[in-house]
Amino acid sequence: MPPAQFPASYAQQQSQQYVAMPQTMAGQPLIQQPQAVYPQQSLGTMQTQPQAALPQSATSPVFVSAPAPALNSASPAAPMPADSGEVMLLGTYTPKIDAKGRMALPAKFRTQLGPGLIMARGQERCVYLFPQAEFRRVAMQIQHTSLGNKAAREYLRVLLSGAVDQTPDKQGRVLVPQMLRDYAKLGGDIVVIGVGTRAEIWDKKAWEQYLADNEQGYSDIADDVLPSVEW
């Protein structure tokens with residue numbers, strides 16, 4: 001008796017159907033479908049082998065990785081910071097020093113001096129006020145010079161030994177240490193002036209005398225100090 005013929009399984013029937021009718025799917029030709037055409041494989045092969053690369057033919061789409069989109073030339077550039085970090089302190093102010101040695105900073109100086117500042121001995125018996133970054137810049141320049149220059153070494157010793165960090169309180173007041181008040185002979189009446197990248201604290205009478213003594217010299221030395229500046 002010949003061996004019994006068993007009907008093909010459902011998976012085999014489906015596989016045979018795909019092989020027998022490669023040009024149709026759901027009654028429509030594949031060429032009319034927008035989907036990519038995949039290679040003809042049996043279900044068993046699809047489960048055990050990795051998917052093969054799509055053949056590039058007239059009916060199969062070619063996938064190309066698109067480059068990153070170019071920046072739109074019409075789009076606005078990133079905004080630049082409004083504050084470049086440069087300090088320009090100007091003007092003359094006459095605050096008071098209270099009994100505890102506290103002085104209210106001029107309102108226009110507070111933002112530029114920052115949340116912390118450096119006080120140090122200045123020339124002509126005044127007290128310097130520096131933003132921290134500016135003081136570090138000046139000190140480093142003197143530090144590099146002082147290794148081979150006796151005058152620079154002596155100046156750096158006096159400058160740094162009398163320098164103190166100060167942080168204004170909520171009312172914008174800073175403490176002027178007794179050492180610096182004695183050095184500049186500061187009493188109750190003082191003058192605070194802006195000198196570009198720093199400010200200076202003077203005793204009021206000493207500042208008025210300084211201006212009187214240097215008024216004529218201010219005019220005479222302009223040509224020597226500022227030879228290339230056009231007014």
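Of all heavy-atom pairs spanning A184 and D203, the tightest one is O-CB, 4.1 Å. Nearest approach of L89 to A199, heavy atoms of both residues: CD1-N, 3.7 Å. Scanning all heavy atoms of the two residues, the minimum distance from I142 to A152 falls at CG2-O, 3.8 Å. When all heavy atoms of P177 and Q166 are compared, the pair lying nearest together is CG-NE2, 3.7 Å.
Within a 6.0 Å sphere centred on CD of Q178, other residues, nucleotides and ligands contribute more than 12 heavy atoms.
Within the 3.5 Å criterion, the main-chain N or O of L180 finds no donor-acceptor partner in the side chain of R121. E200 contributes no side-chain N or O that, together with a main-chain N or O of L129, makes up a donor-acceptor pair within less than 3.5 Å. Judged by distance alone, with hydrogens and angles left aside, the side-chain atoms of Q171 form no donor-acceptor pair with the main-chain N or O of A104 at under 3.5 Å. The backbone N or O of P168 lies less than 3.5 Å from no partner atom in the side chain of R173, so there is not a single donor-acceptor pair.
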Problem - Check against salt bridge (Lys or Arg N to Asp or Glu O under 4.0 Å), D189 and K96 - result: CA-CA 6 Å; D189 294 328; K96 297 286 186 178; 2.4 Å; yes
Practice task
Could you check R137 against E134 for salt bridge (Lys or Arg N to Asp or Glu O under 4.0 Å), going step by step and ending with a plain yes or no?
Solution key: CA-CA 5 Å; R137 184 189 68 81; E134 176 65 13; 2.6 Å; yes
Problem - Worked verdict on V87 versus F109 for side chain to side chain contact (heavy atoms under 4.5 Å, CB included) - result: CA-CA 9 Å; V87 175; F109 286 5; over 6 Å; no
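Linking Ile, Leu, Val, Met, Phe, Trp and Tyr residues whenever their side-chain heavy atoms come within less than 4.5 Å places L105 and I97 in a single cluster. Placement of V192 and L90 in two distinct hydrophobic clusters is found when ILVMFWY residues are connected by side-chain heavy-atom separations under 4.5 Å, directly or transitively. Under the 4.5 Å side-chain heavy-atom criterion for ILVMFWY residues, no single connected hydrophobic cluster contains both V176 and W207. Hydrophobic clustering (side-chain heavy atoms under 4.5 Å, transitive across Ile, Leu, Val, Met, Phe, Trp, Tyr) groups Y93 together with I201. Criterion: ILVMFWY side-chain heavy atoms under 4.5 Å apart, direct or through other members. Under it, V174 and I190 are part of a common hydrophobic cluster.
Looking at heavy atoms from C-beta onward, V138 lies out of side-chain contact with R198 at the 4.5 angstrom threshold. Annotation: side chain of I118 is not in contact with side chain of V164 (no heavy-atom distance under 4.5 Å). Residues L117 and D165 are not in side-chain contact: their nearest non-hydrogen atoms beyond the backbone lie 4.5 Å or more apart. When side chains are defined from C-beta on, Q132 does not count as touching P115, because their heavy atoms never get closer than 4.5 Å.
To the nearest 0.5 Å, the span separating CG on L186 from CZ on R125 amounts to 11.0 Å. In this structure, CD on Q123 lies 8.5 Å from CG on L159, to the nearest 0.5 angstrom. Note that CD of Q209 is 9.5 Å distant from CG of L211, once rounded to the nearest 0.5 Å. Expressed to the nearest 0.5 Å, how far CE of M140 lies from OG1 of T145 amounts to 10.5 Å.
Using the six-membered ring where Trp is involved, F130 and Y128 have ring planes that are perpendicular, over 60° apart on the 30 and 60° scheme. Note: W202 and Y210 have tilted aromatic rings, judged against thresholds of 30 and 60 degrees for the angle between ring planes.
Sorted by first and then second residue, the ring-ring contact (aromatic ring centres under 6.0 Å, His included) pairs involving residues 138-192 (not counting sequence neighbours) form an empty list.
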